[in-house]
Amino acid sequence: MEAATLEQWYALYGYAVHRRCVRLLQSEAEADDALHEVFLRAWRYAHTLQGEAPLPWLYRIADRHCVDLLRRRARQIPSEDVKASLPEEVAAPGPSEQLHLFGQVLAACKDRVRDTAILYYLDELTQDEVAESLGCSRKTVKERLAQFKVVATRLLTGGKARRGTG
(Lines give C-alpha, C1' and ligand atoms only; values in the text may rest on other atoms or scores of the structure.)
Protein backbone atom coordinates (compact mmCIF):
# COMPACT_ATOMS: atom_id res chain seq x y z
CA MET A 1 0.00 0.00 0.00
CA GLU A 2 1.24 3.42 -0.85
CA ALA A 3 1.21 6.19 1.72
CA ALA A 4 -1.05 8.26 -0.53
CA THR A 5 -3.68 5.50 -0.45
CA LEU A 6 -3.60 5.35 3.33
CA GLU A 7 -3.91 9.15 3.52
CA GLN A 8 -6.88 8.99 1.16
CA TRP A 9 -8.57 6.32 3.29
CA TYR A 10 -7.92 8.34 6.42
CA ALA A 11 -9.56 11.36 4.81
CA LEU A 12 -12.50 9.32 3.51
CA TYR A 13 -13.10 6.86 6.34
CA GLY A 14 -11.31 8.26 9.38
CA TYR A 15 -14.39 9.98 10.75
CA ALA A 16 -16.58 6.88 10.34
CA VAL A 17 -13.98 4.64 11.98
CA HIS A 18 -13.54 7.13 14.82
CA ARG A 19 -17.31 7.28 15.45
CA ARG A 20 -17.46 3.50 15.55
CA CYS A 21 -14.62 3.43 18.08
CA VAL A 22 -16.39 6.07 20.21
CA ARG A 23 -19.59 4.01 20.17
CA LEU A 24 -17.76 0.88 21.26
CA LEU A 25 -15.43 2.46 23.81
CA GLN A 26 -17.61 5.30 25.09
CA SER A 27 -14.53 7.47 25.28
CA GLU A 28 -13.34 10.13 22.84
CA ALA A 29 -9.77 9.91 24.12
CA GLU A 30 -9.59 6.13 23.76
CA ALA A 31 -11.27 6.39 20.36
CA ASP A 32 -8.59 8.85 19.23
CA ASP A 33 -5.90 6.35 20.16
CA ALA A 34 -7.88 3.49 18.63
CA LEU A 35 -8.25 5.37 15.34
CA HIS A 36 -4.49 5.72 15.05
CA GLU A 37 -4.01 2.06 15.90
CA VAL A 38 -6.57 1.03 13.26
CA PHE A 39 -4.77 2.90 10.52
CA LEU A 40 -1.40 1.65 11.72
CA ARG A 41 -2.71 -1.90 11.46
CA ALA A 42 -4.25 -1.11 8.07
CA TRP A 43 -0.82 -0.01 6.89
CA ARG A 44 0.83 -3.09 8.37
CA TYR A 45 -1.70 -5.62 7.05
CA ALA A 46 -2.73 -4.00 3.77
CA HIS A 47 -1.50 -7.07 1.92
CA THR A 48 -4.42 -9.06 3.42
CA LEU A 49 -7.02 -6.83 1.80
CA GLN A 50 -7.84 -8.52 -1.48
CA GLY A 51 -10.61 -7.03 -3.57
CA GLU A 52 -12.65 -6.02 -0.55
CA ALA A 53 -14.03 -2.55 0.04
CA PRO A 54 -11.80 -0.72 2.55
CA LEU A 55 -14.46 0.52 4.98
CA PRO A 56 -15.80 -2.89 6.12
CA TRP A 57 -12.20 -4.05 6.49
CA LEU A 58 -11.32 -0.99 8.56
CA TYR A 59 -14.44 -1.57 10.67
CA ARG A 60 -13.33 -5.13 11.39
CA ILE A 61 -9.91 -3.90 12.47
CA ALA A 62 -11.58 -1.25 14.67
CA ASP A 63 -14.01 -3.79 16.15
CA ARG A 64 -11.25 -6.20 17.10
CA HIS A 65 -9.04 -3.51 18.55
CA CYS A 66 -11.87 -1.94 20.56
CA VAL A 67 -13.08 -5.30 21.87
CA ASP A 68 -9.51 -6.10 22.94
CA LEU A 69 -9.49 -2.81 24.88
CA LEU A 70 -12.86 -3.66 26.43
CA ARG A 71 -11.53 -7.06 27.49
CA ARG A 72 -8.55 -5.39 29.17
CA ARG A 73 -10.93 -3.01 30.93
CA ALA A 74 -13.12 -5.89 32.10
CA ARG A 75 -10.09 -7.67 33.59
CA GLN A 76 -9.18 -4.58 35.57
CA ILE A 77 -12.59 -4.30 37.26
CA PRO A 78 -13.24 -7.09 39.75
CA SER A 79 -16.69 -8.61 39.24
CA GLU A 80 -17.57 -7.93 42.90
CA ASP A 81 -17.17 -4.19 42.20
CA VAL A 82 -19.57 -4.43 39.29
CA LYS A 83 -22.14 -6.32 41.37
CA ALA A 84 -21.80 -3.89 44.27
CA SER A 85 -22.42 -0.94 41.97
CA LEU A 86 -25.74 -2.32 40.73
CA PRO A 87 -28.74 -0.75 42.47
CA GLU A 88 -31.41 -2.89 44.14
CA GLU A 89 -34.03 -1.92 41.61
CA VAL A 90 -32.50 -1.76 38.19
CA ALA A 91 -33.74 1.12 36.09
CA ALA A 92 -33.49 0.90 32.34
CA PRO A 93 -30.03 2.06 31.34
CA GLY A 94 -29.63 5.14 29.18
CA PRO A 95 -28.17 4.95 25.67
CA SER A 96 -24.63 5.59 26.90
CA GLU A 97 -24.93 2.93 29.60
CA GLN A 98 -26.45 0.51 27.12
CA LEU A 99 -23.45 0.88 24.81
CA HIS A 100 -21.09 0.46 27.76
CA LEU A 101 -22.87 -2.75 28.76
CA PHE A 102 -22.92 -3.84 25.12
CA GLY A 103 -19.15 -3.42 25.03
CA GLN A 104 -18.70 -5.48 28.18
CA VAL A 105 -20.80 -8.27 26.73
CA LEU A 106 -18.87 -8.13 23.45
CA ALA A 107 -15.65 -8.48 25.37
CA ALA A 108 -16.92 -11.68 26.95
CA CYS A 109 -18.03 -13.32 23.68
CA LYS A 110 -16.24 -15.53 21.19
CA ASP A 111 -15.06 -13.71 18.08
CA ARG A 112 -17.75 -15.14 15.78
CA VAL A 113 -20.52 -14.20 18.23
CA ARG A 114 -18.99 -10.75 18.71
CA ASP A 115 -18.78 -10.11 14.96
CA THR A 116 -22.40 -11.16 14.52
CA ALA A 117 -23.62 -9.00 17.41
CA ILE A 118 -21.76 -5.93 16.14
CA LEU A 119 -23.25 -6.24 12.67
CA TYR A 120 -26.75 -6.85 14.02
CA TYR A 121 -26.96 -4.52 17.01
CA LEU A 122 -24.42 -1.79 16.24
CA ASP A 123 -24.64 -1.62 12.44
CA GLU A 124 -28.34 -2.48 12.53
CA LEU A 125 -28.17 -4.97 9.67
CA THR A 126 -30.96 -7.50 9.27
CA GLN A 127 -30.23 -11.12 10.07
CA ASP A 128 -30.17 -11.88 6.34
CA GLU A 129 -27.65 -9.08 5.76
CA VAL A 130 -25.50 -10.30 8.64
CA ALA A 131 -25.58 -13.82 7.22
CA GLU A 132 -24.53 -12.56 3.80
CA SER A 133 -21.79 -10.38 5.28
CA LEU A 134 -20.33 -13.22 7.34
CA GLY A 135 -20.89 -15.95 4.76
CA CYS A 136 -23.08 -18.08 6.97
CA SER A 137 -26.75 -19.05 7.18
CA ARG A 138 -29.49 -16.99 8.82
CA LYS A 139 -29.98 -19.88 11.26
CA THR A 140 -26.35 -19.53 12.33
CA VAL A 141 -26.86 -15.81 12.85
CA LYS A 142 -29.90 -16.52 15.06
CA GLU A 143 -27.91 -19.05 17.08
CA ARG A 144 -25.03 -16.61 17.59
CA LEU A 145 -27.41 -13.84 18.64
CA ALA A 146 -28.97 -16.25 21.13
CA GLN A 147 -25.46 -17.00 22.48
CA PHE A 148 -24.85 -13.27 22.78
CA LYS A 149 -28.06 -12.92 24.83
CA VAL A 150 -27.01 -15.78 27.10
CA VAL A 151 -23.69 -14.07 27.82
CA ALA A 152 -25.48 -10.75 28.38
CA THR A 153 -27.93 -12.33 30.79
CA ARG A 154 -25.14 -14.01 32.73
CA LEU A 155 -23.19 -10.78 33.02
CA LEU A 156 -26.17 -8.66 33.97
CA THR A 157 -27.46 -11.09 36.55
CA GLY A 158 -24.10 -11.51 38.22
CA GLY A 159 -23.28 -14.92 36.80
CA LYS A 160 -19.82 -15.55 35.57
CA ALA A 161 -19.28 -15.36 31.85
CA ARG A 162 -15.72 -15.91 30.83
CA ARG A 163 -14.19 -14.91 27.54
CA GLY A 164 -15.13 -17.30 24.81
CA THR A 165 -18.16 -18.77 26.49
CA GLY A 166 -20.69 -17.17 24.20
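Reckoned from all heavy atoms, side chains included, excluding hydrogens, waters and symmetry mates.
Linking ILVMFWY side-chain heavy atoms closer than 4.5 Å, directly or via other members, places Tyr120 and Leu155 in a single hydrophobic cluster. Criterion: ILVMFWY side-chain heavy atoms under 4.5 Å apart, direct or through other members. Under it, Tyr13 and Val38 are part of a common hydrophobic cluster. Both Leu125 and Leu24 are assigned to one and the same hydrophobic cluster, defined by single-linkage of ILVMFWY side chains at heavy-atom distances under 4.5 Å. The hydrophobic cluster containing Ile61 also contains Trp43, counting ILVMFWY residues as joined when their side-chain heavy atoms lie under 4.5 angstrom apart, directly or transitively. Phe39 and Leu12 fall within a single hydrophobic cluster, where Ile, Leu, Val, Met, Phe, Trp and Tyr side chains are chained together by heavy-atom contacts under 4.5 Å.
Across all their heavy atoms, Cys136 and Val141 have their closest contact at SG-CG2, 3.8 Å. Across all non-hydrogen atoms, the minimal contact from Leu35 to Gly14 is CD1-O, 3.5 Å. Contact detail for Leu58 and Ala42: the closest heavy-atom pair is CD2-CB, 3.7 Å. Taking each heavy atom of Ala16 and Leu55 in turn, the nearest pair found is CB-CD1, 4.4 Å.
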Pair Glu28, Val22 - check side-chain contact (heavy atoms from CB on, under 4.5 Å), show working. CA-CA 6 Å; Glu28 287 278 343; Val22 168; 3.9 Å; yes
side-chain contact (heavy atoms from CB on, under 4.5 Å) between Gln127 and Leu145, intermediate numbers included: CA-CA 9 Å; Gln127 290 184 5; Leu145 292 174; 3.8 Å; yes
Give the intermediate values and the outcome of side-chain contact (heavy atoms from CB on, under 4.5 Å) for residues Val17 and Arg20. CA-CA 5 Å; Val17 171; Arg20 188 179 192 92; 5.7 Å; no
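The OG1 atom of Thr116 lies 7.0 Å from the CG atom of Leu119; values are rounded to the nearest 0.5 Å. A distance of 7.5 Å separates CD of Gln50 from OG1 of Thr48, quoted to the nearest 0.5 Å. Considering CG of Leu69 and CD of Glu30, their distance stands at 6.0 Å, rounded to 0.5 Å. For the atom pair CD1 of Ile118 and OH of Tyr59, the computed distance is 12.0 Å after rounding to the nearest 0.5 Å.
At least one side-chain heavy atom of Asp32 sits under 4.5 Å from a side-chain heavy atom of His18.
Side chain of Thr153 to main chain of Lys149: a donor-acceptor pair is present (N/O by atom type, distance under 3.5 Å, no hydrogens or angles). Within the 3.5 Å criterion, the main-chain N or O of Leu49 finds no donor-acceptor partner in the side chain of Glu52.
Other residues, nucleotides and ligands contribute only 12 or fewer heavy atoms inside 6.0 Å of the CD atom of Glu2. A 6.0 Å sphere centred on CD of Glu143 holds more than 12 heavy atoms belonging to other residues, nucleotides or ligands.
Partner of Asp115 under the salt bridge (Lys or Arg N to Asp or Glu O under 4.0 Å) criterion, chosen from Arg64, Arg60, Arg144: Arg64. Residue Leu106 is tested with Val67, Asp63, Val151 for a side chain to side chain contact (heavy atoms under 4.5 Å, CB included); the sole match is Val67.
For Tyr121 and Phe148, the gap between ring centers is short of 6.0 Å.
The aromatic rings of His36 and Tyr10 lie parallel to each other, with less than 30° between the two planes, well short of the 60° mark.
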